[in-house]
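For reference, the structure discussed in these notes is given below.
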There are 2 protein chains.
Amino acid sequence: MFLDTDAIKRSLAGSGLRSTPQRYAVMAFLMEQAEHPTAAEIFEAVNRVDPRSSRATIYNNLRDLVQAGLVREVAMEGRAARFDAKGTRHHHFICDRCGNVEDLEWYDVPRPAAASLGKRVLRECELIFRGLCTKCAPRRASRQVF
Amino acid sequence: MFLDTDAIKRSLAGSGLRSTPQRYAVMAFLMEQAEHPTAAEIFEAVNRVDPRSSRATIYNNLRDLVQAGLVREVAMEGRAARFDAKGTRHHHFICDRCGNVEDLEWYDVPRPAAASLGKRVLRECELIFRGLCTKCAPRRASRQVF
DNA sequence: TTATATATTAGATATAATCTAAACAGGTTT
DNA sequence: AAACCTGTTTAGATTATATCTAATATATAA
């Protein structure tokens with residue numbers, strides 16, 4: 001898969017973000033990753049190439065990209081948060097055993113009933129499934145609970 | 001609302017957990033809370049009464065209660081995780097502005113398509129809505145995005 | 001090219017959660 | 001009741017994760 005350099009720059013500019021080498025590297029790395037790396041993993045991967053980004057820069061850029069709506073942050077119980085370029089809409093699957101986060105094809109989720117919602121204003125919804133990923137699932141699934 | 005002392009003890013015993021004063025206090029506090037407190041808040045609240053629990057004990061017990069399936073942990077981006085006694089099934093609403101976590105009435109969520117799911121084994125699903133809570137929502141909602 | 005607002009940096013600091021090893025307390029057995 | 005065993009609690013140290021600081025550098029517009 002080839003990354004469109006200009007497309008990244010345009011989407012950064014469109015959010016009022018300058019395209020610096022460090023910021024570009026973070027965005028490009030997230031877009032080419034199928035997995036959902038942690039900040040530490042992004043830091044390491046981006047610095048394996050060049051230029052060297054500091055830890056603070058990685059965090060700053062992730063914050064900016066999340067605020068701009070270009071990246072999604074997935075909080076994990078206990079472990080470090082994972083990040084995900086918001087290419088196409090999708091749901092998430094988190095493996096109980098290895099902790100990996102995987103994308104599931106998007107489909108619409110019914111809204112809560114108006115009565116239950118009250119005066120709250122909805123902005124977005126996130127659907128997370130948990131269980132065992134393909135690698136961690138036993139050959140013959142012992143029990144399909146859900 | 002009155003808490004059924006024996007019911008708590010029975011549910012602890014049913015999960016193979018001894019009912020110690022500290023553990024009982026954590027469970028009872030979570031059950032009488034409509035909000036979803038952080039570990040630090042639980043620590044403070046439980047110790048306002050007695051006996052004094054150490055921070056480690058709060059974390060130990062929360063871990064045990066989560067493992068036993070009596071409590072749910074809700075990871076938050078950036079902030080401390082929040083905890084929630086699993087009384088009845090429900091979804092969650094998280095306020096973008098004040099960070100509060102509120103319960104929404106449960107309703108069934110459609111499973112992912114078999115093709116998208118592959119060999120993964122599902123255990124549970126979590127549906128999280130985000131937006132503005134009743135307190136934070138403007139009088140006349142400026143924009144209902146979702 | 002120059003001005004200027006924005007971005008980057010290393011290292012210190014803050015925050016959240018876990019670990020450690022010793023002491024303690026239920027429940028059981030003798 | 002005493003001894004026993006296992007699970008629990010404890011204070012404080014430690015780790016892990018993320019943010020802050022203030023000096024320096026860079027991208028972009030004029």
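Residue numbers begin at 1 in each chain, while the letters A, B, ... track the order of the sequences.
- As a whole-Å value, the separation of B:L12 CG from C:dG26 P is 14 Å.
- Residue A:A56 is in base contact, counting any heavy-atom pair closer than 4.0 Å across all strands shown.
- Residue B:Y59 places no side-chain N or O under 4.0 Å from the OP1 or OP2 atom of C:dT18.
- Side-chain proximity of B:S54 to D:dT10, D:dT28, C:dT9: nearest is D:dT10.
- For C:dT8, one of the phosphate oxygens OP1 or OP2 lies less than 4.0 angstrom from a side-chain nitrogen or oxygen of A:T20.
- A cation-pi arrangement, defined by a distance under 6.0 Å to the six-membered ring centre and an angle within 45 degrees of its axis, is absent between B:R120 and A:F129.
- Within the structure, every side-chain polar atom (N or O) of B:R52 is placed at least 4.0 Å from both OP1 and OP2 of D:dT10.
- Close to D:dT9, at under 4.0 Å from its OP1 or OP2, lies a side-chain N or O of B:N61.
- Which of C:dT9, C:dA25, D:dA27 sits closest to the side chain of A:T57 comes down to C:dT9.
- Rounded to an integer number of Å, the gap from CE of B:M76 to P of C:dA17 is 11 Å.
- No hydrogens or angles were tested; on distance alone, a donor-acceptor pair under 3.5 Å links the side chain of A:R18 to the base of C:dT6.
- Among the heavy atoms of the strands lying under 4.0 Å from A:A81 are primed sugar atoms or P, OP1, OP2 only; no base atom is included.
- Atom CZ of A:R55 is separated from atom C1' of C:dA10 by 9 Å (rounded to the nearest Å).
- Note on A:T38: nothing from the nucleic acid sits closer than 4.0 angstrom, heavy atoms only.
- Between A:Q22 and the phosphate of C:dT9, there is a side-chain N or O to OP1/OP2 separation shorter than 4.0 Å.
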